[in-house]
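In what follows, a structure is listed as structure tokens, so that the remarks can point back to it.
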2 protein chains.
Amino acid sequence: MTIKDIAAKCGVSVTTVSRVMNNHPYVSKEIRDKVLKVIEEEHFVPHVGAVDLVKPRTDAIGLIVRGTRNEFFNDMIPTLESAINDSGYAFYMSQIHTSENELRAAAALAKSKGLKGVILLGGRYDYTPEEVAILDNVPFICCTFTNSFGKISKESFSSVSIDDGRAAKAAVQLLIDNGHRKIAIILASTSDRSISELRFLGYKQALEENGIPFDADLVMETGDFSMERAYKAMKKLLSKKKEFTAAFVISDSMAVASMKALDDAGKKLPNDCSVIAIDGVKMTEYIIPTLTTFVQPREAMAKQTVESLRDIIENRSDYSHVVMKTTLREGGSVKKLQN
Amino acid sequence: MTIKDIAAKCGVSVTTVSRVMNNHPYVSKEIRDKVLKVIEEEHFVPHVGAVDLVKPRTDAIGLIVRGTRNEFFNDMIPTLESAINDSGYAFYMSQIHTSENELRAAAALAKSKGLKGVILLGGRYDYTPEEVAILDNVPFICCTFTNSFGKISKESFSSVSIDDGRAAKAAVQLLIDNGHRKIAIILASTSDRSISELRFLGYKQALEENGIPFDADLVMETGDFSMERAYKAMKKLLSKKKEFTAAFVISDSMAVASMKALDDAGKKLPNDCSVIAIDGVKMTEYIIPTLTTFVQPREAMAKQTVESLRDIIENRSDYSHVVMKTTLREGGSVKKLQN
DNA sequence: TTGATTTATGAAAACGTTTTCATATCTTTC
DNA sequence: GAAAGATATGAAAACGTTTTCATAAATCAA
């Protein structure tokens with residue numbers, strides 16, 4: 001069923017049908033109504049490929065989501081989509097595995113859909129200008145990663161992120177302020193050029209600034225962000241018989257799993273062990289005890305991301321690197337130590 | 001940058017370039033290499049619209065997601081995507097608001113992308129053949145809804161679901177078996193032709209079969225599936241000073257929020273009040289106490305959905321209505337009542 | 001050698017739309 | 001009642017690709 005068939009059924013030309021569909025003037029009411037009726041009857045929907053070929057495309061922004069889905073991504077995606085649609089851009093999304101090259105994927109999406117800009121969710125923090133070159137000057141923004149510790153090359157793309165290092169440092173500092181000195185950390189990796197590593201650096205900085213010696217025995221690397229692994233990591237940590245009064249866990253869901261491991265081992269929360277995290281998963285507001293965590297401002301981050309990207313697309317400004325504030329959400333999982 | 005430009009740069013015809021890109025034989029190694037090199041250099045990516053126009057499309061299956069995102073949808077979407085890709089179909093997705101007509105959206109997506117079939121996540125349970133007609137014979141499957149209580153019209157589409165009514169009944173029966181007779185229920189709506197209503201019917205059936213009088217005072221309608229509302233609903237229920245020893249909450253996240261409300265009111269879990277739910281949210285396996293819930297087999301449901309849909313597309317069988325088994329995951333939130 | 005295959009290449013049609021241009025009819029305006 | 005403008009319609013070109021058909025060169029079989 002093509003526009004030709006519709007035209008034939010109505011006894012008019014394809015031009016007229018096209019005009020009706022695109023609300024051009026200069027079509028008599030009589031014909032317009034008839035065409036609309038036939039279109040309705042036949043459930044006719046134009047072939048997007050054909051339209052795409054001939055119409056100057058509507059401006060579109062693409063989103064590349066890298067790695068396995070997690071709660072943060074799942075919150076960000078619809079928010080980004082709305083923000084993009086609200087600014088009159090169309091939205092395309094492509095999900096890729098961690099093993100794929102995200103910039104290559106971005107370039108492919110950009111080219112094939114004629115994108116005006118690309119957002120990357122879940123990349124690294126250290127793209128070089130040479131790597132970004134593949135995008136062929138399509139504006140590119142990285143949502144999630146930070147320039148803390150000067151590890152980012154700022155010349156060829158924008159970013160919106162929280163300051164992972166600073167948030168981690170603040171989280172650990174909060175524990176220290178509450179009298180904790182033996183603080184464990186549970187993270188995915190100490191050296192993957194992403195969130196995990198940055199938060200690890202924040203942890204170490206906080207210890208250092210407070211004159212607390214770093215103890216490698218209190219560092220648990222899980223390899224990923226899963227709850228299973230976090231649970232096991234905490235179990236293993238406990239089995240070491242190494243004393244600690246608090247744990248900084250790099251994500252909320254991992255923190256929940258760690259708390260369960262503590263509870264299963266007979267530890268009372270938060271008395272026997274305090275737990276603090278970074279993220280802001282909704283459900284952790286309702287667990288018992290409520291998780292103390294530094295909340296990433298998801299909605300604001302999504303909006304800022306689209307705004308920053310549009311600034312480049314619409315030539316209002318050059319690359320920018322916006323660092324958003326995390327907010328401490330105090331729950332009941334951190335306890336003041338008396339000694 | 002089109003295929004023409006590439007051809008010109010290589011001094012060959014567009015035909016040859018096209019052949020290179022589609023791995024046709026009968027291109028000399030010399031030319032093939034040259035073309036590939038230029039394509040690489042120019043970051044050339046073919047215009048999808050043009051390809052779409054002329055190539056017999058790869059078979060594709062579409063997914064319509066209706067309503068606000070929730071944890072169940074977020075789990076199902078990537079699983080469905082993999083299952084679809086694994087069977088060699090391309091995947092398209094479109095998210096719509098509850099206010100939009102899901103069948104109309106499905107029809108539009110199907111037409112414009114030339115879909116072989118459509119999956120609907122989050123619809124109602126009672127589509128009539130007349131409504132489904134808009135799809136113009138594109139196979140259609142509803143994932144999530146059930147035929148319990150004979151409320152489904154089976155003639156014009158397939159479905160994969162859990163038996164919401166039966167699961168709800170089993171959940172309530174479990175509470176009764178543990179000695180509970182004053183059982184509250186927290187749900188979104190008692191009459192919205194979807195999950196909520198079906199689970200409510202299961203609750204009532206269980207009570208009836210055990211000779212327990214139905215008490216409307218123990219029914220709390222929240223209006224949606226949010227944790228905020230569930231929390232408030234439980235608070236309100238508690239303020240009624242109406243005695244109850246257990247609560248059946250229709251979703252895991254709502255159950256978590258209810259448990260928090262109980263805890264905040266000084267009730268000890270599960271001693272002062274047992275809680276049971278249906279869903280199987282990962283995180284509820286790690287909360288304290290672990291939530292007792294009937295787990296929806298997400299992965300299996302996704303696989304079955306794609307399989308059932310392919311059965312129709314590939315003419316192996318007619319419409320089917322598969323009801324998947326939920327599994328009781330016993331946690332610590334249900335307590336045997338001693339009296 | 002001849003003719004038949006196989007290999008290699010290009011010209012042009014086709015896909016389903018939109019849009020430009022041309023044309024025809026209908027209103028105005030004087 | 002003629003010129004000018006507004007309104008209404010259609011023919012055909014254009015978009016970027018794939019594919020069919022034609023043709024040419026190279027290889028093979030006798």
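Remember, it's a predicted structure, so these values are computed and weren't measured experimentally. Chain naming here is simple, since letters A, B, ... match the order of the sequence lines and numbering starts at 1 in each.
- Of the candidate nucleotides dT9(D), dT17(D), dT9(C), dT9(D) has the atom lying nearest to any side-chain atom of Tyr26(A).
- Taking 4.0 Å as the cut-off between side-chain N and carboxylate O, Lys34(A) and Glu30(A) do not count as a salt-bridged pair.
- Asp52(B) places its CG atom 13 Å from the P atom of dT19(D), with the value rounded to the nearest Å.
- Residue Ser18(B) is in base contact, counting any heavy-atom pair closer than 4.0 Å across all strands shown.
- For Arg32(A) and dA8(D), the CZ to P distance is 9 Å, given to the nearest whole Å.
- Nucleotide dT18(D) holds its P atom 11 Å from the CZ atom of Arg19(B), rounded to whole Å.
- For Val54(B), counting side-chain heavy atoms from C-beta on, the closest listed nucleotide (dG16(D), dT20(D), dT18(C)) is dG16(D).
- Taking 4.0 angstrom as the limit, Thr2(A) places none of its side-chain polar atoms (N or O) nearer than this to OP1 or OP2 of dC15(C).
- When rounded to the nearest whole Å, the span between NZ of Lys55(B) and P of dA13(C) equals 22 Å.
- Of the candidate nucleotides dG10(C), dT7(D), dT19(D), dG10(C) has the atom lying nearest to any side-chain atom of Ser13(B).
- One side chain, Ser13(B) or Thr16(B), offers a donor N or O that lies under 3.5 Å from an acceptor on the other.
- Looking only at atom types and distance, the side chain of Thr79(A) has no donor-acceptor partner in the side chain of Ser82(A) under 3.5 Å away.
- Distances were taken from every side-chain heavy atom of Phe44(A) (C-beta onward) to each of dG16(D), dT17(C), dG10(D); the shortest belongs to dT17(C).
- Counting to the nearest Å, the P atom of dG16(C) and the NZ atom of Lys4(A) are 7 Å from each other.
- Residue order along DNA chain D, read from the 5' end via each residue's closest nucleotide, puts Ile31(A) first among Ala50(B) and Ile31(A).
- Phe157(B) and His321(B) have perpendicular rings, their planes meeting at more than 60° on a 0 to 90° scale where under 30° would count as parallel.
- With salt bridges taken as basic N to acidic carboxylate O contacts below 4.0 Å, one links Asp33(B) and Lys29(B).
- Remark: Arg316(B) does not engage Glu307(B) in a salt bridge, criterion side-chain N to carboxylate O under 4.0 Å.
- Within 6.0 Å of CG in Asp86(A) there are more than 12 heavy atoms belonging to other residues, nucleotides or ligands.
- In this structure, the CG atom of Asn22(A) is 12 Å from the P atom of dT20(C), given to the nearest Å.
- The distance from atom CE of Met1(A) to atom C1' of dT17(C) is 16 Å, rounded to the nearest whole Å.
- The minimum heavy-atom distance linking Pro129(B) with Ser156(B) is given by the pair CA-OG, 3.3 Å.
- For Val27(A), taking side-chain heavy atoms from C-beta onward, the closest of the listed nucleotides dT19(C), dT9(D), dT17(D) is dT9(D).
- Here dT17(D) presents its C1' atom at 12 Å from NE2 of His24(B), a figure rounded to the nearest Å.
- Thr15(B) comes within 4.0 angstrom of a base, heavy atoms only.
- Between dA6(D), dG10(C), dT17(C), one nucleotide has an atom nearer to the side chain of His47(A) than all others, and that is dT17(C).
- The rotation axes computed at either terminus of the helix from dT1(C)-dA30(D) to dC30(C)-dG1(D) lie 40° apart, taking five pairs at each end and rounding to 10 degrees.
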